[in-house]
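The structure under discussion appears below in the form of structure tokens.
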Amino acid sequence: MADPDFYSAPTSIYWVCNALLNGRTISQLTQIQHVRGWRLPAVTHRLKTEFSWPICTEYRKSDGVAFYSLPPDVDRTKLRFPKSAEALGKVEGCT
């Protein structure tokens, strides 16, 4: 099993999960600006493959910059979370 922190800082992983769950579309530049993280493609890849998050990847320009988002109808109660972002999976009123 892979390291639960994905070899990225827990703050960066938490930020990516939180941003996606809040309906944001994020890119590497967005992550650099907010948490000085450089591993957004690695984090999103692991969320997709290891945790089965339905992350959408869009390339808006020919420069190869990827933009990541979650579908608006994603059910956060059905998502599995990495250790550093487990608190985001707790929904008020649910156990």
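To the nearest 0.5 Å, the span separating CG on Leu47 from CD1 on Ile55 amounts to 4.5 Å. Interatomic distance, NE2 of His34 versus CG of Asn18, reported as 11.0 Å (0.5 Å rounding). Between atom CZ of residue Phe81 and atom CD of residue Glu86 there is a gap of 9.5 Å, rounded to the nearest 0.5 Å. Interatomic distance, OG1 of Thr44 versus NZ of Lys48, reported as 6.0 Å (0.5 Å rounding). With values rounded to the nearest 0.5 angstrom, Glu58 atom CD is found 11.5 Å from Ser27 atom OG.
Ala66 and Tyr59 get closest at one heavy-atom pair: CB-CE2, 3.5 Å. Closest approach of Thr30 and Arg24 over heavy atoms only: CG2-NH2, 3.4 Å.
In the hydrophobic cluster analysis, where Ile, Leu, Val, Met, Phe, Trp and Tyr join through side-chain heavy atoms closer than 4.5 angstrom, Trp15 is grouped together with Phe51.
In this structure, Arg46 and Ile13 have side chains that are not in contact, with every pair of non-hydrogen atoms separated by 4.5 Å or more. A heavy-atom distance below 4.5 Å is found between the side chains of Leu79 and Pro54. Side-chain contact between Gln31 and Ile26: absent, with no pair of heavy atoms (C-beta onward) separated by less than 4.5 Å.
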Give every donor-acceptor pair under 3.5 Å between a side-chain atom in residues 67-75 and any protein atom, sequence neighbours left out.
from  : atom 1 : to    : atom 2 : distance (Å)
Asp75 : OD1    : Thr77 : N      : 3.0
Asp75 : OD1    : Thr77 : OG1    : 2.5
Asp75 : OD2    : Thr77 : OG1    : 3.2

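In the hydrophobic clustering (ILVMFWY side chains linked at under 4.5 Å, chained through shared members), Trp38 is joined by Ile32.
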